[in-house]
Amino acid sequence: MASKLVLNAPYPTKKREKLADVLYNAILKSILEGELKEGDRLPGEEALSEQYRVSRPTIREALARLRAGGIIVSRQGSGSYVGRPQQAPALSFSEIASVADFQRCYEFRRGIEAGAAYHAARMREDTDLERIQSAYQRLQAVIARGDIAVEEDFALHMAIAMAAKNPFFQSVLEAIRSQTLFSMSLSRNLSREQGPQRMASADKEHRTIIDAIVRQDAAAASAAMRAHINNSMIRILGSDK
């Protein structure tokens with residue numbers, strides 16, 4: 001039995017090419033949001049045509065584009081099914097090899113993670129807050145043992161990115177994982193050597209970010225994350241310039 005696909009009202013005045021775009025986007029959205037999962041059968045051409053009130057050529061055009069991208073697959077005599085998600089090529093970034101690389105990495109993270117924090121505050125659910133709080137507590141526990149807690153620090157930032165409900169934030173953070181861990185390690189080692197006040201500053205910055213996300217204050221969360229990453233850069237380089 002075909003999975004139910006809920007589409008918008010018809011657009012009788014639009015051209016076929018535009019209607020095909022609308023239908024393509026509607027099916028893709030249903031797949032991305034989990035309404036249609038791998039292996040689910042799409043409604044047939046006739047059902048889609050009647051439901052959306054467009055011609056079969058329009059339906060075929062949209063389905064052809066989905067097949068070309070590997071998003072759906074056709075089975076002879078059976079119909080169209082949601083395909084297995086294709087593995088996207090991994091992003092690749094250069095390793096940090098100079099002071100200038102440190103600065104560029106932090107500048108990049110500052111923009112990306114401020115955006116992630118902004119959307120995390122807007123989109124977070126109770127499960128996201130639990131994940132963020134759990135990551136923060138693990139970070140605190142490892143620091144209390146006297147370790148630098150680099151992996152735990154990264155996990156907290158990743159939990160915030162996950163709360164943004166945009167997989168691109170997660171993908172980018174994962175792509176710069178090694179560079180981020182290296183810079184976090186250096187920052188935390190320097191902070192530990194320079195006294196507990198520097199470590200306390202980083203902790204306060206984390207709590208400020210989390211509090212803003214809990215309050216769903218997107219602007220404050222973004223500003224707090226930007227300040228945190230900027231201050232982390234200063235703790236290594238001594239200046240944000």
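Everything numeric here is computed off the predicted structure, so don't read it as measured data. All heavy atoms count here, side chains included; hydrogens, waters and symmetry mates do not.
Across every non-hydrogen atom of Phe169 and Gly115, the tightest pair is CZ-C, 3.7 Å. Among all heavy-atom pairs drawn from Ala114 and Met225, the shortest one is N-CG, 3.8 Å. Smallest separation of non-hydrogen atoms from Arg41 and Gly79: NE-CA, 4.4 Å. In this structure, Gly83 and Glu38 approach most closely via the heavy-atom pair O-CG, 3.8 Å. Shortest non-hydrogen contact noted between Ala120 and Ile160 is CB-O, 3.4 Å. Closest approach of Phe154 and Thr180 over heavy atoms only: CD1-CG2, 3.8 Å.
Look at Asp211 and Arg215 and you find no salt bridge, because none of the NZ, NE, NH1 or NH2 atoms lies under 4.0 Å from a carboxylate O. The residues Glu151 and Arg177 are annotated as salt-bridged, a charged nitrogen and a carboxylate oxygen being separated by less than 4.0 angstrom.
When hydrophobic clusters are built by joining Ile, Leu, Val, Met, Phe, Trp and Tyr residues whose side-chain heavy atoms come closer than 4.5 Å, directly or via intermediates, Ile27 is grouped together with Leu19. Hydrophobic clustering keeps Tyr81 apart from Leu42 (ILVMFWY residues linked when any side-chain heavy atoms are closer than 4.5 Å, directly or through intermediates). Side-chain heavy atoms closer than 4.5 Å link hydrophobic residues (I, L, V, M, F, W, Y) into clusters, and following such links, possibly through other members, connects Leu36 to Val22. One hydrophobic cluster, built from ILVMFWY side chains closer than 4.5 Å, holds both Ile210 and Leu139. Ile209 and Ile143 fall within the same hydrophobic cluster, where Ile, Leu, Val, Met, Phe, Trp and Tyr residues are linked whenever their side-chain heavy atoms come under 4.5 Å apart, directly or through other members.
For the pair Ser49 (side chain) and Val54 (backbone), a donor-acceptor distance under 3.5 Å is present. No donor-acceptor pair closer than 3.5 Å links the side chain of Thr58 to the backbone N or O of Ala20. The backbone N or O of Ala227 lies less than 3.5 Å from a partner atom in the side chain of Asn231, making a donor-acceptor pair. At least one donor-acceptor pair closer than 3.5 Å links the side chain of Arg124 to the backbone N or O of Ile213. At least one donor-acceptor pair under 3.5 Å links the side chain of Ser232 to the backbone N or O of His228. One N or O on the side chain of Thr208 and one on the backbone of Lys204 form a donor-acceptor pair closer than 3.5 Å.
A distance of 12.0 Å separates CG in Asp153 from CZ in Arg138, rounded to the nearest 0.5 Å. Annotation: the span from Met162 atom CE to Ile132 atom CD1 amounts to 9.5 Å, rounded to 0.5 Å. Of the inter-residue distances, the one linking Tyr106 atom OH with Gln179 atom CD reads 12.0 Å to the nearest 0.5 angstrom. The CD1 atom of Ile59 lies 11.5 Å from the CD atom of Glu46; values are rounded to the nearest 0.5 Å. Rounded to the nearest 0.5 Å, atoms CD (Gln216) and CG (Leu129) are 8.0 Å apart. Summarising the geometry, atom CZ belonging to Arg67 is positioned 5.0 Å from atom OG belonging to Ser80; distances are rounded to the nearest 0.5 Å.
Put simply, the side chain of Phe108 reaches to within 4.5 Å of the side chain of Val172, judged on heavy atoms. The closest side-chain heavy-atom distance from Val214 to Gln133 is below 4.5 Å.
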Stepwise side-chain contact (heavy atoms from CB on, under 4.5 Å) test for Ser183 and Arg109: CA-CA 11 Å; Ser183 58; Arg109 285 185 57 208; 4.0 Å; yes

Please report the C-alpha distance between Asp203 and Tyr136 in whole Å, then the side-chain angles of each, then the deciding distance to 0.1 Å, and finally whether the side-chain contact (heavy atoms from CB on, under 4.5 Å) criterion is met. CA-CA 9 Å; Asp203 177 58; Tyr136 174 71; 2.7 Å; yes

Verdict with supporting geometry, Met158 and Glu174, side-chain contact (heavy atoms from CB on, under 4.5 Å): CA-CA 8 Å; Met158 183 61 78; Glu174 192 60 47; 3.6 Å; yes

Walk me through it: do Ile229 and Glu113 pass the test side-chain contact (heavy atoms from CB on, under 4.5 Å)? CA-CA 9 Å; Ile229 293 179; Glu113 295 202 56; 3.6 Å; yes

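Between His157 and His206, the ring-plane angle classifies as perpendicular under the 30° and 60° cut-offs.
Side chains of Glu107 and Gln103: a donor-acceptor N/O pair is present below 3.5 angstrom, by distance only. In this structure, a donor-acceptor pair under 3.5 Å is absent between the side chains of Arg131 and Thr127.
For the side chain to side chain contact (heavy atoms under 4.5 Å, CB included) criterion with Arg65, the lone passing option out of Ile72, Leu23, Asp21 is Asp21.
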